[in-house]
Novice: 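Starting off with a structure, shown below.
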Amino acid sequence: MPVKIEAFFHDASNTVSYLVWDIKTKKCAVIDTALDFDASSGRTSTQSAQKIVDFLTKQKLTCQWILETHVHADHLSAAPFIKKNVGGKIAVGNHIPEIQKTFKTIYNAESGFNTDGQQFDHLFEDNEEFLLGNTICKVIHTPGHTPACVTYLIDDNAFVGDTLFMPDFGTARTDFPGGDAGQLYDSIKKILSLDENTKLYTCHDYAPNGRQIAWESTVKEQQAKNLHVHKGVTRDAFIKMRTERDKQLAMPALLIPSIQVNMRAGDLPPQEEDGDRYLKIPLNKL
């Protein structure tokens, strides 16, 4: 195998972050990092992200990329912390301006907040290829959960973000602004058209029915067992199921702080006149 993968589970948000590295060159990518955030006190910390930095340093890896699969609504990104400590380019899909334009209005963000994605170091186009050391990687635009979701295909490993969960938990919700159940179905079909032995790595796991936390499956396994989109499930049936299910779901606990941070590539809002930073709570908008 040309690459190795190490997973880091963030208990507070059930997020799985990944460190992927090219074995020959020791160039690495960090995918979907998580910042520790206590919503009750408004305090942030970097203990979880520090574990990634420590592992990376111990393995003598060079950080080339800090990849986001989408603008997360359930945890704050630690991308700036990773970049400050070990370098790397922060990258996301090139549909990020759609997210920024929507949420700039919802949060009434400062006039200087740009909605062209410039907060990120690189915006990937659909089917764009990039190098991780000597390994050729590919970006697949997989909207539905959000308009800007992407999947990163690195060798025979696909990092699918929230598009797919483990087979016994199904698929991502589509009721956030810009979400679309039909698009999600189409995106999942893209992923499941990959070689059946392709390994799929999901961004979250909630251990239904008390099983062990897990994050790795295969295309073949998802085709056979996914609760929502196994073989035989039609597009219309999926849209009906997903729409009805989404109506029953509560909003993620960290949606409000997460998006206004993550749309800035993980940076906190700018300092105000008193020198401090603040997160807003939009009333009756979400």
Side-chain angles (χ1 to χ4, degrees), residues 1-37 44-70 72 75-93 119-124 128-140 150-161 194-195 197-205 212-218 261-262 264-268:
M1 291 179 61
V3 300
K4 284 189 176 181
I5 300 167
E6 185 76 16
F8 299 81
F9 188 71
H10 187 246
D11 293 274
S13 63
N14 291 84
T15 300
V16 191
S17 303
Y18 298 98
L19 181 63
V20 187
W21 67 96
D22 178 88
I23 294 174
K24 288 186 177 179
T25 65
K26 291 204 166 186
K27 297 287 182 67
C28 71
V30 183
I31 304 175
D32 290 337
T33 60
L35 184 72
D36 299 309
F37 177 70
T44 64
S45 66
T46 57
Q47 292 181 3
S48 297
Q50 185 65 50
K51 294 177 182 177
I52 299 175
V53 170
D54 291 345
F55 184 93
L56 189 158
T57 303
K58 185 176 181 180
Q59 296 294 321
K60 297 181 179 179
L61 305 178
T62 300
C63 187
Q64 189 173 4
W65 293 100
I66 304 165
L67 305 175
E68 301 284 4
T69 55
H70 64 294
H72 306 274
H75 70 275
L76 282 65
S77 171
F81 173 79
I82 299 292
K83 181 176 179 178
K84 179 180 178 181
N85 282 271
V86 293
K89 292 183 178 181
I90 303 175
V92 72
Q119 298 85 351
F120 296 82
D121 298 313
H122 188 81
L123 303 182
F124 287 117
E128 182 175 345
E129 293 185 345
F130 65 99
L131 285 174
L132 177 62
N134 294 332
T135 302
I136 299 174
C137 311
K138 183 178 180 181
V139 180
I140 306 170
V150 295
T151 291
Y152 295 105
L153 185 60
I154 303 176
D155 191 41
D156 59 353
N157 309 287
F159 297 86
V160 300
L194 297 170
D195 184 277
N197 294 315
T198 302
K199 295 177 183 177
L200 305 181
Y201 293 88
T202 189
C203 184
H204 296 282
D205 188 58
Q212 293 288 318
I213 293 292
W215 47 74
E216 180 185 336
S217 61
T218 64
V261 169
N262 296 339
R264 305 170 189 273
D267 279 330
L268 299 176

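As the structure is a prediction and not an experimental result, all values here were calculated from the model.
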Novice: What distance do Phe9 atom CZ and Ser48 atom OG have between them, rounded to the nearest 0.5 Å?
Specialist: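 OG of Ser48 is found 10.5 Å from CZ of Phe9.
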Novice: Mark yes or no for whether Asp155, through its side chain, and Asn157, through its backbone, hold a donor-acceptor pair below 3.5 Å.
Specialist: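 Side chain of Asp155 to backbone of Asn157: no pair is present.
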Novice: List the steps and the verdict of side-chain contact (heavy atoms from CB on, under 4.5 Å) for Phe81 and Val53.
Specialist: CA-CA 9 Å; Phe81 173 79; Val53 170; 3.9 Å; yes
Novice: How far does OG1 of Thr202 sit from CG of Asp32, to the nearest 0.5 angstrom?
Specialist: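 Thr202 atom OG1 to Asp32 atom CG measures 9.5 Å (nearest 0.5 Å).
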Novice: Kindly compute the distance separating CG (Leu153) from CG (Leu194), expressed to the nearest 0.5 Å.
Specialist: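 That separation rounds to 6.0 Å.
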Novice: List the steps and the verdict of side-chain contact (heavy atoms from CB on, under 4.5 Å) for Thr198 and Thr218.
Specialist: CA-CA 6 Å; Thr198 302; Thr218 64; over 6 Å; no
Novice: Carefully, step by step, assess Cys203 and Thr15 under the rule side-chain contact (heavy atoms from CB on, under 4.5 Å).
Specialist: CA-CA 6 Å; Cys203 184; Thr15 300; 4.1 Å; yes
Novice: To the nearest 0.5 angstrom, please state how far the CD atom of Glu128 sits from the NZ atom of Lys138.
Specialist: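 So the gap between those two atoms works out to 11.5 Å.
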Novice: Looking only at non-hydrogen atoms, find the nearest pair between Asp267 and Pro80 and report the distance.
Specialist: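 Residues Asp267 and Pro80, closest heavy atoms: OD1-CG, 3.5 Å.
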Novice: Return the CG to CD1 distance between Leu19 and Ile82, rounded to the nearest 0.5 Å.
Specialist: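 Rounded to the nearest 0.5 Å, the CG-CD1 separation comes out at 9.0 Å.
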Novice: So which heavy atom on Ala29 is nearest to which on Leu67, and how close?
Specialist: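 Residues Ala29 and Leu67, closest heavy atoms: CB-CD1, 4.1 Å.
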Novice: Does either side chain, that of His75 or that of Asn262, offer a donor lying less than 3.5 Å from an acceptor on the other one?
Specialist: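 Note: His75 and Asn262 side chains miss the donor-acceptor criterion.
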Novice: Is there a donor-acceptor pair under 3.5 Å between the side chain of Thr33 and the backbone N or O of Ala78?
Specialist: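 Yes; judged by distance alone, with no hydrogens or angles, the pair exists.
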Novice: A side-chain contact here means heavy atoms from C-beta on lying under 4.5 Å apart; do Lys51 and Asp54 qualify?
Specialist: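 Not in contact.
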Novice: Are the side chain of His204 and the backbone N or O of Asn14 linked by a donor-acceptor pair below 3.5 Å?
Specialist: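 Checking the backbone N and O of Asn14 against the side chain of His204, a donor-acceptor pair under 3.5 Å is found.
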Novice: Verify, without hydrogens or angle tests, whether Asp36 (side chain) and Gln47 (backbone) share a donor-acceptor contact under 3.5 angstrom.
Specialist: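 Side chain of Asp36 to backbone of Gln47: a pair is present.
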Novice: Decide yes or no for Pro2 and Asn134: does some side-chain heavy atom of the first lie under 4.5 Å from some side-chain heavy atom of the second?
Specialist: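 No, every pair of side-chain atoms sits at 4.5 Å or beyond.
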Novice: For Tyr152 and Thr69: C-alpha separation, side-chain torsions, deciding distance, then whether side-chain contact (heavy atoms from CB on, under 4.5 Å) applies.
Specialist: CA-CA 8 Å; Tyr152 295 105; Thr69 55; 4.0 Å; yes
Novice: Does Ile136, at its CD1 atom, have more than 12 non-hydrogen atoms belonging to other residues, nucleotides or ligands within less than 6.0 Å?
Specialist: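 Counting other residues, nucleotides and ligands, CD1 of Ile136 stays at 12 neighbours or fewer.
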Novice: Parallel under 30°, tilted from 30 to 60°, perpendicular over 60°: which one fits the rings of Trp65 and Phe124?
Specialist: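 Tilted.
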Novice: Under 3.5 Å, is there a donor-acceptor pair linking the side chains of Thr135 and Asp22?
Specialist: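 Yes, side-chain donor-acceptor contact under 3.5 Å.
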Novice: Roughly how far apart are Leu132 CG and Lys27 NZ, rounded to 0.5 Å?
Specialist: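 One gets 9.0 Å once the value is rounded to the nearest 0.5 Å.
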Novice: Can any side-chain N or O of Tyr201 pair as donor or acceptor with the backbone N or O of Ser17 at less than 3.5 Å?
Specialist: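 No; zero donor-acceptor contacts below 3.5 Å.
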Novice: Which heavy atom in Lys199 sits nearest to a heavy atom in Glu216, and how many Å separate them?
Specialist: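 The pair with the smallest heavy-atom distance is CD-OE2, 3.4 Å.
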Novice: Under 3.5 Å, side chain of Asp121 to main-chain N/O of Ile90, donor-acceptor pair present?
Specialist: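 Yes, Asp121 side chain to Ile90 backbone: donor-acceptor pair under 3.5 Å.
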